[in-house]
There are 2 protein chains.
Amino acid sequence: MKATINDVAKLAGVSIKTVSRVINNEPGVRQNTIDKVTAAVTELNYQPNQSARSLAGNKSYVVGFVYDNPNAYYIIDMQHGILDACKKHHFELLIHPVDSKSDNLLNELKDMLRQSRVSGLVLTPPLSEMTEVTDMLTETGVKFVRVISGKNQTLSTPCVFIDDRTAAFNITKHLIEQGHNKIAFFSGEEVHHSTGERLAGYLDALKAHNLDSRDEWIFAGEYSFESGVENGKKLVELTDRPTAVFACNDEIAAGTLFAARLQGLDVPADLAIAGFEDNPFSRQTWPKLTTAAQPTKTIASQAAELLFKHLRLPAKKEQVIENCMFEPELVVRESTKP
Amino acid sequence: MKATINDVAKLAGVSIKTVSRVINNEPGVRQNTIDKVTAAVTELNYQPNQSARSLAGNKSYVVGFVYDNPNAYYIIDMQHGILDACKKHHFELLIHPVDSKSDNLLNELKDMLRQSRVSGLVLTPPLSEMTEVTDMLTETGVKFVRVISGKNQTLSTPCVFIDDRTAAFNITKHLIEQGHNKIAFFSGEEVHHSTGERLAGYLDALKAHNLDSRDEWIFAGEYSFESGVENGKKLVELTDRPTAVFACNDEIAAGTLFAARLQGLDVPADLAIAGFEDNPFSRQTWPKLTTAAQPTKTIASQAAELLFKHLRLPAKKEQVIENCMFEPELVVRESTKP
DNA sequence: AAATAGTTTGACAGCGTTGTCATTTGTTTG
DNA sequence: CAAACAAATGACAACGCTGTCAAACTATTT
């Protein structure tokens, strides 16, 4: 019924090993032979049996996406981006949500690696930024690519950098250009490097415009709607209240918006609010949110592509590690317009 | 390094076949032997090699989740619910987003089935409700479970039913009880059975309360924010305008909310709005949305469990098909409170 | 034309399981 | 207590592919 490599070999008049060579793009096959084999493959609509392939070759043709992130939009975009790359390279994708705060995280990951025979992993924040995790993976010998917050730099593992700092600088600059000189910063969790990077960008911009930063305008928090609500409430209690808020992501911004309404503040007249990430719902709030857009799906494909390159490399100590960087782009909407 | 079935057999003092029996819960092994083997398995931390298993047994230990749905929250919840069940049964999950409107849909699905050797599928609307798709799958012999909108009934394939009609009835009843007697209905896409079911429930409720339904109060649309905005704008142009809207899902409801603000209408004073699905953002709008909550993650686990049961069944023609049903639950929030 | 080196191909043994069927062990019965 | 049967276990050949290494070609040199 289903064609095997044997059928292809017979039809093409070569040995199964040669068919195997053609299928795996191994060198040292005459063009003429390649053509015969490919013809036979198409005629029989032959699909290699992945189980047999990985059993015999002790490889897996599966990559894993390990994540801990409550943001559904982000995860879906990441998944779809990785899937695109997987399709191109004939790999399969295994998704593996975890709890990064679990005490058992490392063991759980080890178990997963053991069971699921993935040949590589894509990691996103906060996991990609936790040294325990990356150390463990390096030790285990599993190859992985990380999406992390920061500027392009050479690390010993392949990375996709997100230049949050510059993007945050641009957002803050935009707020300043709208006439604001008292701007609050609503943080996300500190385990996310993005929080620190965005704060740095915010401070950079203040300094560049000779504005003072004030500690009481920098609010600790987390990447959630509720955190935005909470800090929004605190904000209005301040004497000499800031007239603008730079929220570390759109969820916080949405929460801040909610709090503003609770307090009877008009946005943007009484309080301008900017978010970060360009989640779909940043276009569905009233008013729509100014934010910094990052092309998550493209980032994901890039990360996966880096992983595939890395998987093909021999396991040498010394080698050039490929990286790439993305800079989220300012998107101005009604929540910060005068 | 990594333990094989041979190591376990040696340690337990039995043949590899017996170890295999124990691992697969096959009958006809003495309890005493089972214990010896399990002990050896734990001691060596043995994990069966999935590739070898599926090659030898010609089975796959992989289920697929095929979907076409732009709602990230829904998809993530489905994925995580299915994953929970998979973990329990030692299966892996393959995700496969498709475009249900593509001309090539059926071929694409066939290719995917051929390549990825899944042993079963979970389908959600609209795919689960497209007869071309289900027919093709039945023909191909792939087992699958569907999540569909409708009341519990016996079909030839296992299903998880969502009783949208009753839930829609309850929502409409709630609006009526708030004193509304002119209630508009904002539809989703008609390919989704849920649209028809929810409309039916809406009409049921009107009739039950002796209210007339009017054709111009039933708006065609789709499951999107934009559709809600558009129909919201149309709504206000009506003379004798409805005072309440039952939107087919939360996104439409959010759009309607947006349109209301555009028009300077207060929600709920001038216009009450109810949604459906209980997406997280239904709690993040202002005011928060009344909606019908469906336990997506539980639904997903149930669906996967049904699939696993079905996979174990021999491929007979005559057999009892297991089903189950969920009824979304009314959640009253500020968008409909007087 | 023979010798050499390089290139292309094939034979065959695994990879770690499960399926089949034969063998052993245990239990019941006349 | 042997015969007859059932229950538990094992030996061994697949499963479809890749890795290894030897064989068969081809091209180049002497």
Side-chain angles (χ1 to χ4, degrees), chain A residues 1-38 40-41 44-62 90-92 114-117 119 311-312 314, chain B residues 1-38 40-41 44-62 90-92 114-117 119 311-312 314:
Chain A
M1 208 247 93
K2 198 168 173 177
T4 76
I5 199 170
N6 236 306
D7 305 326
V8 179
K10 254 176 231 156
L11 182 61
V14 298
S15 75
I16 60 169
K17 181 64 221 190
T18 300
V19 177
S20 170
R21 286 197 179 93
V22 173
I23 295 189
N24 295 288
N25 288 310
E26 282 173 37
V29 184
R30 204 169 290 145
Q31 185 57 48
N32 184 268
T33 319
I34 296 186
D35 294 342
K36 276 192 300 185
V37 172
T38 359
V41 166
L44 297 173
N45 190 218
Y46 166 70
Q47 306 279 131
N49 179 318
Q50 297 298 338
S51 302
R53 250 147 78 95
S54 37
L55 179 60
N58 196 29
K59 295 175 207 151
S60 91
Y61 307 95
V62 176
H90 301 286
F91 266 66
E92 287 175 1
R114 203 179 272 266
Q115 277 197 27
S116 64
R117 77 238 139 88
S119 46
L311 286 179
R312 250 182 246 112
Chain B
M1 210 242 94
K2 197 169 175 178
T4 77
I5 200 171
N6 235 307
D7 305 327
V8 179
K10 255 177 229 154
L11 183 60
V14 297
S15 75
I16 59 170
K17 181 64 222 192
T18 300
V19 176
S20 171
R21 287 197 178 91
V22 173
I23 293 188
N24 295 289
N25 287 309
E26 283 172 36
V29 184
R30 206 167 289 145
Q31 184 59 47
N32 184 268
T33 319
I34 297 185
D35 294 342
K36 276 193 299 187
V37 172
T38 1
V41 166
L44 297 173
N45 189 217
Y46 165 71
Q47 306 278 132
N49 179 317
Q50 298 296 339
S51 301
R53 252 147 77 96
S54 38
L55 178 59
N58 197 29
K59 295 175 207 152
S60 91
Y61 306 95
V62 176
H90 301 287
F91 267 67
E92 286 175 1
R114 204 178 270 268
Q115 278 197 27
S116 65
R117 80 235 138 88
S119 45
L311 286 179
R312 250 181 247 111

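All figures in this text were calculated on a predicted structure; none of them were measured in a lab. Proteins come first, then strands; the chains are lettered A, B, ... in the order of their sequence lines, and each starts at number 1. When reading the values below, keep in mind they use all heavy atoms of this one structure, side chains included, and skip hydrogens, waters and symmetry mates.
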Taking S60(A)'s backbone N and O only, do any of them form a donor-acceptor pair with S119(A)'s side chain (distance below 3.5 Å, no angle check)?
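It does not hold such a pair.
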Return yes if some donor-acceptor pair links the side-chain N/O of D35(B) with the main-chain N/O of N32(B) below 3.5 Å, else return no.
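No, D35(B) side chain to N32(B) backbone: no donor-acceptor pair under 3.5 Å.
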What's the [atom1]-[atom2] distance between [X] and [N], to the nearest Å?
X	N	atom1	atom2	value
L44(A)	dG16(D)	CG	C1'	15 Å
N24(A)	dG19(D)	CG	P	7 Å
K36(B)	dA8(D)	NZ	P	14 Å
E26(B)	dT9(D)	CD	P	13 Å
D7(A)	dC15(D)	CG	C1'	14 Å
K17(B)	dA14(D)	NZ	C1'	12 Å
R30(A)	dT26(D)	CZ	P	7 Å
I34(B)	dA8(D)	CD1	P	9 Å

Could you tell me if the side chain of [Y] sits less than 4.5 Å from the side chain of [X], heavy atoms only?
X	Y	result
V14(A)	V19(A)	yes
V22(A)	T33(A)	no
V62(A)	E92(B)	no
R21(B)	V37(B)	no
T38(A)	I34(A)	yes

Who passes side chain to side chain donor-acceptor pair (under 3.5 Å) against S51(B), sequence neighbours left out?
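Applying side chain to side chain donor-acceptor pair (under 3.5 Å) to S51(B) gives S54(A), R117(A).
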Under 4.0 Å between a side-chain N or O of T4(A) and OP1 or OP2 of dG16(D)?
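Answer is no, no contact under 4.0 Å.
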I want to check one thing: is the phosphate of dT9(D), taken as OP1 and OP2, less than 4.0 Å away from some side-chain N or O of T33(B)?
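Affirmative; the distance criterion is met.
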At a heavy-atom distance below 4.0 Å, what parts of residues 8-16 of chain A sit against DNA chain C?
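Only V14(A), S15(A) qualify.
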Can you sort out which residues in residues 49-62 of chain B have a heavy atom within less than 4.0 Å of DNA chain C? Ascending by number, please.
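N49(B), A52(B), R53(B), A56(B), G57(B), K59(B) - these, ordered by number, are the residues of the stretch whose heavy atoms sit under 4.0 Å from the strand.
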Test ring-ring contact (aromatic ring centres under 6.0 Å, His included) applied to Y46(B) - qualifying residues, sequence neighbours left out:
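Result, ring-ring contact (aromatic ring centres under 6.0 Å, His included) vs Y46(B): none returned.
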If you take atom types as modelled and just measure distance, does the side chain of R21(B) reach the base of dG10(D) with a donor-acceptor pair under 3.5 Å?
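Per atom types, the contact qualifies.
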Taking atom CG of N6(A) as the centre, does the number of heavy atoms from other residues, nucleotides or ligands within less than 6.0 Å exceed 12?
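Yes, the 6.0 Å shell around CG holds more than 12 heavy atoms from other groups.
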Classify N6(B) by what it touches in the nucleic acid, base, sugar-phosphate, or nothing, heavy-atom distance under 4.0 Å.
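Counting heavy atoms under 4.0 Å across all strands, no contact is made by N6(B).
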When you match V29(B) and I23(A) each to their closest nucleotide on DNA chain D, which lands nearer the 5' end?
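Result of the comparison: V29(B).
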How long is the gap from CG on N58(A) to NZ on K2(B), to the nearest 0.5 Å?
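The NZ atom of K2(B) is 9.0 Å from CG of N58(A), to the nearest 0.5 Å.
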Under the side-chain hydrogen bond (donor to acceptor under 3.5 Å, both in side chains) rule, what pairs show up with a residue in residues 9-19 of chain B, not counting sequence neighbours?
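Found S15(B)-T18(B).
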Under a criterion of less than 4.0 angstrom to any heavy atom of chain A, what are the 5'-terminal and 3'-terminal contacting nucleotides of DNA chain C?
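Answer, 5' to 3': dT8(C) to dG16(C).
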